[in-house]
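A, B, ... follow the sequence lines: proteins, then strands. Residue 1 opens every chain.
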Protein chains: 2
Amino acid sequence: MRPTVHDIAAEAGVSLATVDRVLNARPGVRQKTVAKVEAAVERLGYVRDVTAANLAKKRIYPLVFILPEGPNSFMRGLEAEIRAAMLRSPAERTSIRIETVPPFDAKAIVCILDLLDPAEVTGVALVATDTPDVTAAVDRLVERGVHVATLVSDLPGSRRIHYCGIDNLAAGRTAGGLIGRFRGGRAGKVLVVAGSMKLSDHMDRASGFAEVLGAEFPELEIVGPVETNDDADAVRQAVTAALEADAGITAIYSLGAGTRGLIEALAGHVSRKLTVVAHEVTDHSRQALADGLFDAVINQDCGHEVRSAIRVLKARSDGLMPISAQERIRIDIFLRDNLP
Amino acid sequence: MRPTVHDIAAEAGVSLATVDRVLNARPGVRQKTVAKVEAAVERLGYVRDVTAANLAKKRIYPLVFILPEGPNSFMRGLEAEIRAAMLRSPAERTSIRIETVPPFDAKAIVCILDLLDPAEVTGVALVATDTPDVTAAVDRLVERGVHVATLVSDLPGSRRIHYCGIDNLAAGRTAGGLIGRFRGGRAGKVLVVAGSMKLSDHMDRASGFAEVLGAEFPELEIVGPVETNDDADAVRQAVTAALEADAGITAIYSLGAGTRGLIEALAGHVSRKLTVVAHEVTDHSRQALADGLFDAVINQDCGHEVRSAIRVLKARSDGLMPISAQERIRIDIFLRDNLP
DNA sequence: GAAATTTTGAGGTACGTAAATCAGAAATTG
DNA sequence: CAATTTCTGATTTACGTACCTCAAAATTTC
């Protein structure tokens with residue numbers, strides 16, 4: 001049987017009340033006595049029963065998710081997963097609020113972060129552009145005692161406790177490896193379509209992609225990246241223009257959103273037999289895979305990301321470390337043959 | 001606030017004791033009263049607080065994992081994950097026992113299953129060959145009230161409550177899609193190396209692979225599958241023999257274990273520039289990817305599988321349904337570019 | 001060394017559920 | 001209608017922890 005507070009009290013030769021004071025960092029215990037209790041905890045290998053503690057505390061974890069509004073299918077899928085998690089709130093002792101902000105609007109994010117009350121929120125998960133003001137706002141919030149996790153796109157220099165998303169450098173490299181192998185050594189140009197280089201995930205994907213093409217597939221030349229702000233119409237126009245301007249383009253790597261626009265542009269050039277790799281499984285990309293318009297789609301499981309964010313934020317609020325392997329978000333590769 | 005048993009008692013106009021009798025299916029309650037309580041539960045949307053219940057019950061979940069012994073790296077990785085889960089046992093209220101059996105030894109599995117005492121075990125997760133005697137033993141165990149989950153390889157006709165593993169038909173299709181695209185339309189033969197057709201996962205992979213090649217890549221002809229019982233030496237001999245016998249082989253799909261043998265065989269034929277897809281990331285396959293000997297490795301995250309098995313078996317013991325999306329094991333595709 | 005302060009002990013209640021006892025009420029049986 | 005049997009209520013203890021109060025002990029301060 002695992003030891004309880006009673007065992008600690010007996011082992012340390014103090015009363016239950018003192019053990020409680022030490023374990024919960026309450027004042028009024030001499031340093032010498034604190035050491036005795038801590039030694040007993042160490043000796044017996046005591047670990048607080050979090051479920052019993054939560055029951056006694058009637059603890060709930062108030063969490064806030066911040067993500068962009070708008071038609072972006074991936075973000076809406078993410079939101080759906082958050083809503084699914086909200087349905088499990090009673091069982092998981094969470095209380096989740098969703099805040100949406102205009103896409104690429106750093107000021108709006110900063111504003112929300114600064115208005116959060118640490119007394120009312122224990123953790124925040126946010127999808128953010130990697131700009132200095134957002135990083136600063138995150139750091140201010142962490143300073144005020146709120147745990148912050150980044151979602152989908154990281155803020156590398158910030159004090160966030162965890163990043164819930166895929167390794168985007170590896171994702172870009174994967175795309176490079178796939179396109180390179182699919183082209184089978186034939187020379188040509190690859191159009192790279194991105195949303196915004198202010199998003200660290202897009203930056204990383206572009207870097208990883210360029211790295212692999214440079215190292216393993218020198219016969220492929222990169223065109224771009226063109227920035228579209230993840231807007232489908234902008235993507236359609238940019239891709240159409242590029243394809244018409246340059247007959248040497250034989251492949252496309254779309255590392256951002258606006259997949260609908262990409263599909264519309266491709267529909268006008270079916271004869272080109274382009275190798276296409278895009279990101280995120282949505283209704284559109286799924287159909288494009290099935291139709292043979294896309295060769296592969298790189299995906300991140302947003303359900304996993306949301307559940308991971310909740311686990312990590314809860315664990316940190318309890319002062320625990322999460323299972324790191326469980327929190328690693330995998331890079332999923334879908335071909336038409338393994339669509340779920 | 002979510003309703004408690006007290007609220008149910010008040011709402012139904014009965015005592016706490018009666019609510020308890022109904023909720024825990026204890027005898028001595030008239031059908032009419034049961035209905036009253038159930039109606040109150042329905043009206044208030046009561047859900048039992050599992051953590052409080054477990055605390056009161058001092059509940060632990062005794063689980064048994066059955067897996068093959070021997071040098072198979074994947075199985076040893078699986079065992080390592082089970083041992084990692086055992087370290088979390090105190091917090092997760094599990095008590096896990098590992099039983100190992102000789103590989104492909106159906107009788108040994110049957111023997112262990114039949115000797116399990118339902119009073120001492122609530123759930124079993126096993127890696128098994130798909131043979132009628134194992135299926136029958138699983139059904140007997142389920143009949144005796146033990147929850148059974150299959151791990152890695154399924155027992156399709158059995159009464160197991162859950163299969164913790166990838167969709168192997170889709171995995172085979174994925175391998176087909178990858179090899180087909182990597183070959184870029186060039187005709188040739190693909191050697192398929194399997195462990196045993198008595199394993200449903202190997203069967204499914206072979207079927208999926210053949211399906212995609214037949215439908216999408218008719219220029220590729222399948223040789224095999226050759227069966228090696230997942231023995232590395234047998235794999236080496238089989239692959240070496242096939243490569244020497246047939247100069248038309250341009251690709252290999254290794255859908256079972258014994259990857260070391262495959263690598264040794266390939267080392268003697270580096271000039272052939274074969275397209276190779278294998279299963280499971282291990283030290284060997286990781287090195288082969290890095291060396292460019294393998295083009296892709298299809299993987300299943302055994303940590304996820306173990307955690308999923310534990311969650312499912314626990315949930316079923318509590319009469320709950322797990323989050324199905326969380327329990328779907330993804331097919332991971334690794335290129336040298338996205339190795340973790 | 002008395003007074004003030006800090007530290008500690010003892011005991012209780014609570015969280016939501018499980019599980020038990022025992023007395024009393026209701027229904028069924030003869 | 002009495003004697004059973006079946007059902008129900010009231011109450012208690014327990015799980016492991018949190019948090020509270022009050023008194024007693026130990027320590028520090030003057």
Go nucleotide by nucleotide along DNA chain D from the 5' end; which of B:V14 and B:A56 gets its closest nucleotide reached first?
B:V14
Would you please say whether a donor-acceptor pair under 3.5 Å links the side chains of B:R316 and B:H162?
no
A:D318/A:R48 ion pair, N-O < 4.0 Å
no
Atom NZ of A:K58 and atom C1' of C:dT17: how far apart are they, to the nearest Å?
16 Å
In this structure, how many angstroms lie between the C1' atom of D:dA18 and the NZ atom of A:K57, rounded?
8 Å
Sugar-phosphate, base or nothing in reach of B:D20, heavy atoms under 4.0 Å
base
Would you call A:E143 and A:R140 a salt bridge, taking side-chain N to carboxylate O under 4.0 Å as the test?
no
Upstream residue (5' side of DNA chain C) when A:G13 and B:V50 are each assigned their closest nucleotide
A:G13
Rounded distance in Å - NZ (B:K32) to C1' (D:dT6)
14 Å
Roughly how many Å is it from CG in B:L55 to P in C:dA14, rounded to a whole number?
17 Å
Return the value, rounded to whole Å, for the distance between atom CG of B:L16 and atom P of D:dT11.
11 Å
Tell me the interatomic distance from A:H6, atom NE2, to D:dA18, atom C1', rounded to whole angstroms.
12 Å
Check every atom of D:dG16, C:dG9, C:dA26 against the side chain of B:R30 and return the nucleotide holding the closest atom.
C:dA26
Whole-Å distance separating the CZ atom of B:R93 from the P atom of C:dA18:
13 Å
Of all the choices, D:dG16, C:dT17, D:dA18, which nucleotide is nearest to the side chain of A:A52 once you look at every atom?
D:dG16
Base, sugar-phosphate, or nothing: which does A:A17 touch, judged by heavy atoms less than 4.0 Å apart?
base
Sugar-phosphate, base or nothing in reach of A:N54, heavy atoms under 4.0 Å:
nothing
Identify whether the distance between the nearest side-chain nitrogen and carboxylate oxygen of A:R43 and A:D7 falls below 4.0 Å.
no
Are side-chain N/O atoms of A:Y163 and A:D201 paired as donor and acceptor at under 3.5 Å?
no
Send over the distance from A:I60 CD1 to C:dC15 P, rounded to a whole Å.
16 Å
Using heavy atoms to find the nearest nucleotide of DNA chain C for A:S15 and B:R21 separately, return the residue whose nucleotide is more 5′.
A:S15
Does any donor-acceptor pair link the side chain of B:R2 with the base of C:dG16 at a separation under 3.5 Å?
no
Check the phosphate of C:dA18 against B:R26, side-chain N and O only, distance under 4.0 Å to OP1 or OP2. Yes or no?
no
